[in-house]
Each structure stands twice: as C-alpha cells, then as structure tokens.
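Excluded from the calculations below are hydrogen atoms, water molecules and symmetry mates; all remaining heavy atoms, backbone and side chain alike, are included. Throughout, protein chains are lettered first and strands after them, A, B, ... in sequence-line order, and every chain is numbered starting at 1. As the structure is a computational prediction, the values presented were derived from the model and not from experiment.
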Protein chains: 2
Amino acid sequence: MSRPAVTIGEASRATGVSEKMIRHYEAIGLLHPARQANGYRRYAEPELAALRFIRHARDLAFPLEDIRRLLALWHDRGRASAEVRRLALAHVAALEEKARVLQSVANSLKHLAAHCHGDARPDCPILDELEGRQG
Amino acid sequence: MSRPAVTIGEASRATGVSEKMIRHYEAIGLLHPARQANGYRRYAEPELAALRFIRHARDLAFPLEDIRRLLALWHDRGRASAEVRRLALAHVAALEEKARVLQSVANSLKHLAAHCHGDARPDCPILDELEGRQG
DNA sequence: TGTGGGGTCTCCCATCATGGGAGGGTCAAG
DNA sequence: CTTGACCCTCCCATGATGGGAGACCCCACA
C-alpha cells in the first residue's frame, strides 16, 4: 500500500508544503523524519500525513504553537475532543477579534476619505486628522 | 510659544511613541532630530508633530512605507489631495481584504467546531478535517 | 573515467513593527 | 564622589516565510 519513504522534494510536491517550511517544522520539533546514510531526509506515510495536517491547520491560520498541541492531540487516540474544540474556539475568537479591529480601522479611514474631495487642491482632511487637528 | 527642544524620553511621553520606535523611525529616515554636543537627540516642535503624525497613521495601520509618503505629502504645501486619498483608499482596500480573509477562515473553523460535540469522547471532526479525510 | 545537472545539505540574511537587554557615557543632586 | 536617572549604540527575538551561497551526493551520458 504505502510506497517507500520519499525525499524532501517529493514530500513537498505531495503535500504542498515548501521544502523550506518542511525543514523549519522539523527544526522546531513538529516532525521527525528519518535520515538515510547520506544525510538526506526520508518521509514515510506518517510524516507525509503530518505535513498534510500541518498545511490544513495553517490554511485555517492556526499558529504553529497551536499546531504543535493539535498534532499531539491528534496522535493521542484517547484524547477528549473537548480540548481540541476549546483550542479551535479560542482561535476563532482571536481571528474574529483581528478581523473586527481591521474592519473598524478601515471604517475610520473610509470615513475620512469620504470627506476628502481628492482633487488637485491641497486641502485634505486625512492629513489634517493625521496631524492631529482637533477640529 | 513652542518650548525648547526636548530629549527622547520627553518626546516619547509627549507623543506616545516609545523611545525604541522613535530611534527606529529615525534609522529608516522618517525623522531627523538634531543632536546636542553630547550626542543626545533633541526634539523640537516639528519633530514632535511628525511623531504625532506617525503615531496617528500607525493607529490607522498604515505601513511605514506608506507613512513615509504621507509625511512627504504632508510637508508638501502644494500637494494634491488626490494622491493622499488614493493612498488611503488603497490601504482601506488592503485592510478590508485582510479582514474578509480572517473572518472567512474563522467561519470555516466555527462550522467545524459546531459539529464537534466537545466532550470526553475522542471523536472530533476538527481533527478529521485537518487530517484530510474527504468525507 | 570524467562531467553535467539536479537534488539535497546547512547556514546566514531579509521581511514587518516592535521590544528586551547589555555595556557604557552623561549629568545633576546629594 | 557616588548615586540614580537618563541617554547612547549594538545585538537579539518575535512569527512564518522565502532567498541565496557554498558544498555535497548521485545518476546518466559521453
């Protein structure tokens, strides 16, 4: 079934994770590929699965420290789903907070831009605001 | 009217910009404070105004390279407001795009979490999804 | 046997904005 | 003269990612 272990280039193509990142994930301890005699890394099915897992988690913007815990939970056959859910919901809250902040800043700036005629004249409420004029 | 130039500590307290950042802004050429004989930086009213300007622009999440151009436009008494407006609207678009992406990722994850019972059992659709099960 | 080319290795540097900290100079008050 | 507050420069770290140098490995082909 599972083909023999592959090199980093093939692992990268198979999982969509760049070689740079694969090495980085190993450096921070998310991954432990075997080595062959010449020092080349070998990726067997479990390592490829971990790389896919990491990529999907990154697609969901989980920070690598969260992913470290998710991988541990994933490997723990007896884990409680509650902990995964807690982690995910905390992450959702963080993402939504960031999104809210960005949108709110965008709204403020849009408001300013709406009052800027934006022609050849130098008058500009945007610059006035940045300068800090109180009126 | 304007008090004499102040040191970096006072400038920091007066503008809400950390000393670290004040020095950094100078290092990248946003600021050109004079120095006194002993090498200490001196901030007079124009520099303090620039620091306030930068802080307000950072509050609006403008990247420093944008701020560099905004400062130039601000100093250019004859500038056209159109360019400031263009810069601001491009920034708004970038902010809104980021906010959209974050919110969309958050929504995906919320959807997954909604289907995770989150109790002591190990079954977890979140991990299943990360693992890459297609159904 | 030699060479070319593609793959891999490690190590350093850059991003972006920000902060921590070391090691040392300056200055005024006690 | 010491103490303490302030300032200086330089290096390092963050988080995730990529670029690139210099060297090694290996296979195929002439």
Side-chain angles (χ1 to χ4, degrees), chain A residues 4-43 47 50-51 53-71 91 94-95 97-98 101-102 105, chain B residues 4-43 47 50-51 53-71 91 94-95 97-98 101-102 105:
Chain A
V6 298
T7 61
I8 196 170
E10 291 169 277
S12 172
R13 283 186 291 275
T15 63
V17 180
S18 75
E19 299 186 16
K20 279 286 186 190
M21 282 302 100
I22 295 179
R23 294 197 187 94
H24 180 60
Y25 297 156
E26 177 183 354
I28 65 173
L30 299 189
L31 216 59
H32 306 283
R35 299 283 182 128
Q36 52 188 61
N38 60 14
Y40 286 18
R41 294 167 177 83
R42 304 297 302 181
Y43 298 86
E47 286 80 37
L51 285 174
F53 185 100
I54 294 172
R55 185 169 71 79
H56 293 147
R58 286 296 301 143
D59 286 347
L60 290 172
F62 277 101
L64 291 178
E65 282 314 303
D66 282 20
I67 295 178
R68 185 191 303 279
R69 298 175 60 194
L70 289 171
L71 280 169
H91 182 47
L95 290 173
E97 173 62 15
K98 277 191 203 171
V101 169
L102 289 178
V105 170
Chain B
V6 298
T7 62
I8 195 171
E10 290 168 280
S12 173
R13 283 184 291 274
T15 63
V17 180
S18 75
E19 298 185 17
K20 279 284 186 191
M21 282 303 100
I22 295 178
R23 295 197 187 94
H24 180 59
Y25 297 154
E26 177 183 355
I28 65 174
L30 299 188
L31 216 59
H32 306 283
R35 300 281 182 128
Q36 51 188 62
N38 60 13
Y40 287 18
R41 294 169 177 81
R42 304 297 303 182
Y43 298 86
E47 286 80 36
L51 285 174
F53 185 100
I54 294 172
R55 185 169 73 77
H56 294 148
R58 286 296 300 143
D59 287 347
L60 290 173
F62 277 102
L64 291 177
E65 281 314 302
D66 282 17
I67 294 177
R68 185 192 305 279
R69 297 176 60 196
L70 288 172
L71 280 168
H91 182 47
L95 290 174
E97 174 62 15
K98 276 191 204 172
V101 168
L102 289 179
V105 170

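A:His91 places no side-chain N or O within 3.5 Å of a backbone atom of A:Pro63 that could act as its donor or acceptor partner. Between the side chain of A:Arg41 and the backbone N or O of A:Arg23, no donor-acceptor pair lies under 3.5 Å.
Under 4.0 angstrom from either OP1 or OP2 of D:dG18 there lies no side-chain N or O belonging to A:Arg23. The phosphate of D:dT9 (OP1 or OP2) has a side-chain N or O of B:Arg41 nearer than 4.0 angstrom. OP1 or OP2 of D:dG18 lies within a sub-4.0 Å distance of a side-chain N or O belonging to A:Ser18. A close approach under 4.0 Å does not occur between any side-chain nitrogen or oxygen of B:Tyr40 and OP1 or OP2 of C:dC27. Contact annotation: A:Thr7 does not reach the phosphate of C:dG7 (side-chain N/O to OP1 or OP2, under 4.0 Å).
Under the 4.5 Å side-chain criterion, counting only non-hydrogen atoms from C-beta, A:Tyr43 is not in contact with A:Thr15.
Residue whose closest nucleotide on DNA chain D sits further toward the 5' end, between B:Glu10 and A:Ile28: B:Glu10. Residues B:Gln36 and B:Met21 each lie close to DNA chain C; by heavy-atom proximity, the contact nearer the 5' end of the strand is made by B:Met21.
With D:dG18, C:dT10, D:dT9 as the candidates, the nucleotide lying closest to the side chain of B:Arg35 is D:dT9. Of all nucleotides listed (D:dT9, D:dC7, C:dT18), C:dT18 comes nearest to the side chain of B:Tyr25. Side-chain atoms of A:Asn38 lie closest to D:dC25 of the nucleotides D:dT17, D:dC25, D:dC11. Each of C:dT8, D:dC8, D:dA16 was ranked by its minimum atom distance to the side chain of A:Ile8; first place goes to C:dT8. Considering only side-chain atoms of A:Lys20, the nucleotide from D:dC11, D:dC8, D:dG18 that sits closest is D:dG18.
In this structure, the CD atom of B:Glu19 is 15 Å from the P atom of C:dT18, given to the nearest Å. Atoms CD1 (B:Ile22) and C1' (D:dC6) sit 14 Å apart, rounded to a whole Å. Taking atom CG on B:Leu30 and atom P on C:dT18, their separation rounds to 11 Å, with Å as the unit. Protein atom CD1 of A:Ile67 is 8 Å distant from nucleotide atom P of D:dT17, rounded to whole Å. In this structure, A:Leu51 places its CG atom 16 Å from P of D:dA16, rounding to the nearest Å. C:dC27 atom C1' lies 13 Å from atom CZ of B:Arg42, rounded to whole Å. Counting to the nearest Å, the C1' atom of C:dC9 and the NE2 atom of A:His24 are 18 Å from each other. Taking atom CG of residue A:Leu64 and atom P of nucleotide D:dA13, one finds them 18 Å apart after rounding to whole Å.
Each of A:Leu60, A:Asp59, A:Leu64 was scored for a side chain to side chain contact (heavy atoms under 4.5 Å, CB included) with A:Phe62, with one residue passing: A:Leu60.
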Check the pair A:Arg68, A:Glu65 against salt bridge (Lys or Arg N to Asp or Glu O under 4.0 Å), reporting the backbone distance first and the verdict last. CA-CA 5 Å; A:Arg68 185 191 303 279; A:Glu65 282 314 303; 3.0 Å; yes
